[in-house]
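Side chains included, hydrogens not; waters and symmetry mates left out as well; all remaining heavy atoms used.
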Amino acid sequence: IFSSTEALGIKPEDINSEVGTFGIPEFGTRFVRQMLVDTRPTTFEELIRISGLSHGTDVWLNNAQDIIRSNIASLSEVICTRDDIMNYLIHKGLPPKQAFKIMEDVRKGKGLKEEYEKEMREKNVPQWYIQSCKKIKYMFPKAHAAAYVMMAFRIAWFKVYYPEAFYVAYFTVRADEFDADLMTQGQEIIRAKIRELEQKGNSMTQKEKNTLTILEVGNEMYARGIHFLPVDLYQSDSRKFQITPDGIRPPLNSLQGLGASAAENIAEARKSGPFLSVDDLRTRAKVSKAVIEILKKHGCLDGMPESNQISLF
């Protein structure tokens, strides 16, 4: 349920991913999504192990990933968190104090002392395990991994059973990076933009990477039958996405270039009644010409006269 696309009622080809963890903290990045594909977790404990692997340095890449792919050991056997080393070595018969010291050296990236490696061999610790210890540069504590997974699992539950609430909360938090002009045009436009960004590969800027993340979540939302409504001058909140019977309504500040201050001013000004004209909007909401152009481009001012003056001819 945590990671499958089936739980979301969609197919892998709908979102170009075998797992449906877009937008889930700690499990939504491409790096961790690939880990989920490689490891196929089925238990909560395995999710904790994945969290440990994803937060370490040289713990997964060129290490545990190769071991699992080569069928040398399973996810439940590879080193994932600091605690795994000490517990495993005690289980193999090493004195607790020595097991602790080995764990401390490995998790700090110091490798294995010769005497430690000799003791591990005498206790029949596998060669792949010893080599894995030597590669590690930093390891995550299991308690931290457990806390992260507990948080992620709660959010994933809402994603499965209350999708509108999940997407509204997610996009509200990421509103600064949300482009309402693009996202309200539908799934095909979003998919085209995703392909365009993916073709850039490693040349993508950080802003483009952030945009890609937003687009992937939006594409998944559309695939689940939920769509965005246009930003509305009167119905949109200043900064929060809203659930409506017809779809999700983006806020005013989700229009690129329309800042939080301008959005708040518009929301406050409209309380005193409808805007009679574009000039009336500019005066009452104290917004710039640039903001007016942004609203016009999105269609928020369609049908609104430019000024209050009535021509007699």
Side-chain angles (χ1 to χ4, degrees), residues 22-25 28 155 158-159 162-187 189-190 193 206-208 210-222 224-310:
F22 294 104
I24 302 298
I155 294 172
F158 277 96
K159 182 177 181 178
Y162 294 89
E164 290 89 352
F166 168 81
Y167 292 115
V168 160
Y170 177 83
F171 288 118
T172 294
V173 171
R174 304 292 293 271
D176 290 345
E177 297 165 340
F178 187 93
D179 184 351
D181 278 330
L182 174 62
M183 300 294 275
T184 56
Q185 291 186 55
Q187 189 174 17
I189 298 297
I190 290 175
K193 187 64 176 178
Q206 188 56 50
K207 181 177 175 59
E208 287 173 331
N210 293 341
T211 298
L212 179 59
T213 299
I214 293 284
L215 290 168
E216 288 175 330
V217 177
N219 177 52
E220 177 192 79
M221 189 189 85
Y222 274 103
R224 298 181 75 184
I226 306 167
H227 65 277
F228 287 113
L229 301 173
V231 174
D232 187 275
L233 185 64
Y234 296 105
Q235 296 183 50
S236 288
D237 188 78
S238 61
R239 60 184 183 85
K240 292 181 179 179
F241 286 71
Q242 297 168 300
I243 300 173
T244 78
D246 300 317
I248 290 177
R249 178 84 66 183
L252 292 168
N253 76 327
S254 67
L255 291 170
Q256 290 291 298
L258 199 156
S261 178
E264 292 290 347
N265 288 346
I266 293 170
E268 187 62 32
R270 70 191 180 191
K271 291 179 182 178
S272 58
F275 300 110
L276 302 178
S277 65
V278 174
D279 285 345
D280 185 38
L281 168 60
R282 281 186 61 190
T283 303
R284 285 165 53 189
K286 299 180 179 65
V287 294
S288 66
K289 287 183 180 180
V291 168
I292 294 296
E293 289 305 312
I294 291 167
L295 292 169
K296 282 183 178 180
K297 180 184 175 185
H298 193 70
C300 296
L301 307 184
D302 288 356
M304 183 181 289
E306 285 295 323
S307 72
N308 297 345
Q309 294 180 358
I310 300 174

Say you draw a straight line from [atom1] of [X] to [atom2] of [Y]; how long is it, rounded to the nearest 0.5 Å?
X	Y	atom1	atom2	value
Arg270	Arg284	CZ	CZ	11.5 Å
Met221	Tyr167	CE	OH	7.5 Å
Thr244	Leu229	OG1	CG	4.5 Å
Thr184	Ile248	OG1	CD1	13.0 Å
Glu177	Asn210	CD	CG	4.0 Å
Thr211	Arg174	OG1	CZ	9.5 Å

Determine, step by step, whether Leu233 and Met304 satisfy the side chain to side chain contact (heavy atoms under 4.5 Å, CB included) criterion, reporting the C-alpha distance in whole Å, the side-chain angles of both residues, the deciding distance to 0.1 Å, and the verdict.
CA-CA 11 Å; Leu233 185 64; Met304 183 181 289; 3.7 Å; yes
Go through it in stages, so that I can follow the logic: the residues are Val278 and Leu295, the test is side chain to side chain contact (heavy atoms under 4.5 Å, CB included), and I'd like the CA-CA distance, side-chain angles, deciding distance and then a yes or no.
CA-CA 10 Å; Val278 174; Leu295 292 169; over 6 Å; no
When you look at CZ of Arg239, are more than 12 heavy atoms from neighbouring residues, nucleotides or ligands closer to it than 6.0 Å?
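At most 12 heavy atoms, drawn from other residues, nucleotides or ligands, come within 6.0 Å of this atom.
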N-O pairing of Glu306 and Lys296 below 4.0 Å:
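Here Glu306 pairs with Lys296 in a salt bridge, since their nearest N and O are under 4.0 Å apart.
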Are any side-chain N or O atoms of [X] and backbone N or O atoms of [Y], one a donor and one an acceptor, separated by less than 3.5 Å?
X	Y	result
His298	Val231	yes
Tyr222	Met183	yes
Lys286	Ala269	no
Arg249	Pro230	yes
Thr283	Asp280	no

Gln185 and Asp181: side-chain donor and acceptor closer than 3.5 Å?
no
Pairwise side-chain contact, Leu215 with Leu182, heavy-atom cut-off 4.5 Å (strictly under)
yes
Between Gln242 and Val168, is there a side-chain heavy-atom distance shorter than 4.5 Å?
no
Determine the minimum heavy-atom distance between [X] and [Y], stating which atoms define it.
X	Y	value
Ile294	Gln256	CD1-O, 3.6 Å
Leu276	Pro305	O-CG, 3.3 Å
Asp232	Leu252	O-CD2, 3.9 Å
Ser238	Ala263	O-CB, 3.4 Å
Leu255	Ala180	CD2-CB, 3.8 Å
Ser236	Pro250	OG-O, 2.8 Å

Anything under 30° is parallel, anything over 60° is perpendicular, the rest tilted; go ahead and classify Phe241 against Phe171.
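Rings of Phe241 and Phe171: tilted, as their planes differ by 30° to 60°.
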Using 30° and 60° as the class boundaries, would you call the ring planes of Phe166 and Tyr170 parallel, tilted or perpendicular?
parallel
Take Lys159 and Arg224 through the side chain to side chain contact (heavy atoms under 4.5 Å, CB included) test and state the conclusion after the steps.
CA-CA 11 Å; Lys159 182 177 181 178; Arg224 298 181 75 184; 3.7 Å; yes
Yes or no on side chain to side chain contact (heavy atoms under 4.5 Å, CB included) for Ile292 and Leu301, after CA distance, side-chain angles and deciding distance?
CA-CA 8 Å; Ile292 294 296; Leu301 307 184; 4.0 Å; yes
